[in-house]
Amino acid sequence: AQTVTQSQPEMSVQEAETVTLSCTYDTSESDYYLFWYKQPPSRQMILVIRQEAYKQQNATENRFSVNFQKAAKSFSLKISDSQLGDAAMYFCAYRSAFLQTGANNLFFGTGTRLTVIP
Amino acid sequence: DSGVTQTPKHLITATGQRVTLRCSPRSGDLSVYWYQQSLDQGLQFLIQYYNGEERAKGNILERFSAQQFPDLHSELNLSSLELGDSALYFCASSYSGGYGYTFGSGTRLTVV
C-alpha cells in the first residue's frame with residue numbers, strides 16, 4: 001500500500017508571512033493524484049489543492065501553491081500571505097490513477113497542525 | 001453544505017452496542033468512501049462502494065460492515081462496540097476520484 005508521510009506535526013507562521021508544509025509519499029506507480037486537505041476546528045475536510053502526477057507544472061490556487069518533485073516523491077504546500085483563517089490541520093493525500101479495480105480511495109498522511117500568529 | 005449528508009452528527013452509545021451511520025452522497029457521485037479519524041489522528045480508510053458494489057477495503061474490522069443501496073446512499077454498521085471505536089467517521093463521495101472527494105461533516109461516535 002502507498003504511504004504518505006508528513007514529518008512536521010506542528011508548524012506556526014506569522015500572519016501575512018509564508019509557510020511551507022512538507023509531504024513525502026512512497027509509491028511504485030507512475031500515475032497518480034496528490035491532494036492537500038484542510039481540516040479547521042469545525043472538523044470539515046476541505047480540498048485545498050490537487051496535482052496530477054503526469055503534469056510537470058505545479059498547481060496553484062490563489063494563495064496556495066505546491067512544489068511537486070516527482071523523482072523525490074515530494075509534494076509540499078506553500079501558503080502565502082497567511083491569514084488567521086488558515087489555522088487548521090492540513091492533510092496530504094495520495095490516490096492511484098490505476099482504476100482497473102475501481103479502487104480509488106485516498107491514502108492520508110498524519111497531518112500538520114498549522115497555527116497562525118496574529 | 002458540501003452536498004454529502006451524514007447522519008447523525010453525534011452519537012453516544014455503550015460498549016457492546018450496535019449503531020448505524022448513514023451517508024447520502026453528492027448528487028451524481030457514484031462512489032462512497034468511509035474513513036475513521038481517531039482523536040488527533042489522520043484519516044484511516046475503511047471501505048469504498050461504487051454504484052452498489054464493494055470496490056476496496058482498508059483497515060475495517062470484522063465487527064464493522066457497510067453497504068450501498070440502489071439510491072446510492074450508504075450505511076456503515078458498527079457492532080460490539082468498544083471504547084476504542086470512539087472516533088469521527090467521515091463519508092466522502094466522488095464521481096471519478098481524480099478531482100478530489102467531497103466529504104460530509106462526519107459523525108462523532110462516543111462509546112462509553
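On a predicted model such as this, the values are computed, not experimentally measured, just so you know. Chain naming here is simple, since letters A, B, ... match the order of the sequence lines and numbering starts at 1 in each. Only this structure's heavy atoms are used, side chains among them; waters, hydrogens and symmetry mates stay out.
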With only heavy atoms counted, which part of B:Leu43 is less than 4.5 Å from chain A, the side chain, the backbone, both or neither?
-> both

Identify whether A:Tyr33 and B:Tyr101 are in the same connected component of the hydrophobic contact network (ILVMFWY, side-chain heavy atoms under 4.5 Å).
-> yes

Interatomic spacing from OH in B:Tyr33 to CZ in A:Arg95 - rounded to 0.5 Å = 7.0 Å

A:Asn62, CG atom: more than 12 neighbouring heavy atoms under 6.0 Å | no

Chain A contact via B:Gln37 - which portion, at a heavy-atom distance below 4.5 Å = side chain

Which residues, numbered in order, of residues 77-86 of chain B come under 4.5 angstrom of chain A by heavy-atom distance?
-> none

Given A:Met89, A:Gln6, A:Gln44, A:Arg113, the one with more heavy-atom pairs under 4.5 angstrom with chain B than any other is A:Gln44

Are A:Phe108 and B:Phe45 close enough that their ring centres sit under 6.0 Å apart?
-> no

Report the C-alpha distance between A:Gln39 and B:Phe90 in whole Å, list the side-chain angles of each, state the deciding distance to 0.1 Å, and finish with yes or no for side-chain contact (heavy atoms from CB on, under 4.5 Å).
-> CA-CA 12 Å; A:Gln39 187 179 43; B:Phe90 282 106; 3.5 Å; yes

So with a 6.0 Å cut-off around NZ of A:Lys78, is the heavy-atom count from everything else above 12?
-> no

Cluster check B:Leu72, B:Val32: I/L/V/M/F/W/Y, side chain < 4.5 angstrom = no

Kindly compute the distance separating CD (B:Gln48) from CG (A:Leu106), expressed to the nearest 0.5 Å.
-> 9.5 Å

When rounded to the nearest 0.5 Å, the distance separating CG of A:Asn105 from CD of B:Gln44 is 11.0 Å

Tell me whether B:Val4 is reachable from B:Leu30 by hopping between hydrophobic residues (I, L, V, M, F, W, Y) whose side-chain heavy atoms are closer than 4.5 Å.
-> no

Does A:Phe107 share a hydrophobic cluster with B:Tyr49, counting links as ILVMFWY side-chain heavy atoms below 4.5 Å and allowing steps through other members?
-> no

State, to 0.1 Å, how close A:Met45 and B:Phe103 come at their nearest heavy-atom pair, and which atoms those are.
-> CB-CG, 3.5 Å

Applying the 4.5 Å side-chain criterion to the ILVMFWY set and letting contacts propagate, would A:Ile49 and A:Val4 be lumped into a single cluster?
-> yes

For atom CD1 of B:Ile12, is the number of surrounding heavy atoms from other residues, nucleotides or ligands below 6.0 Å larger than 12?
-> no

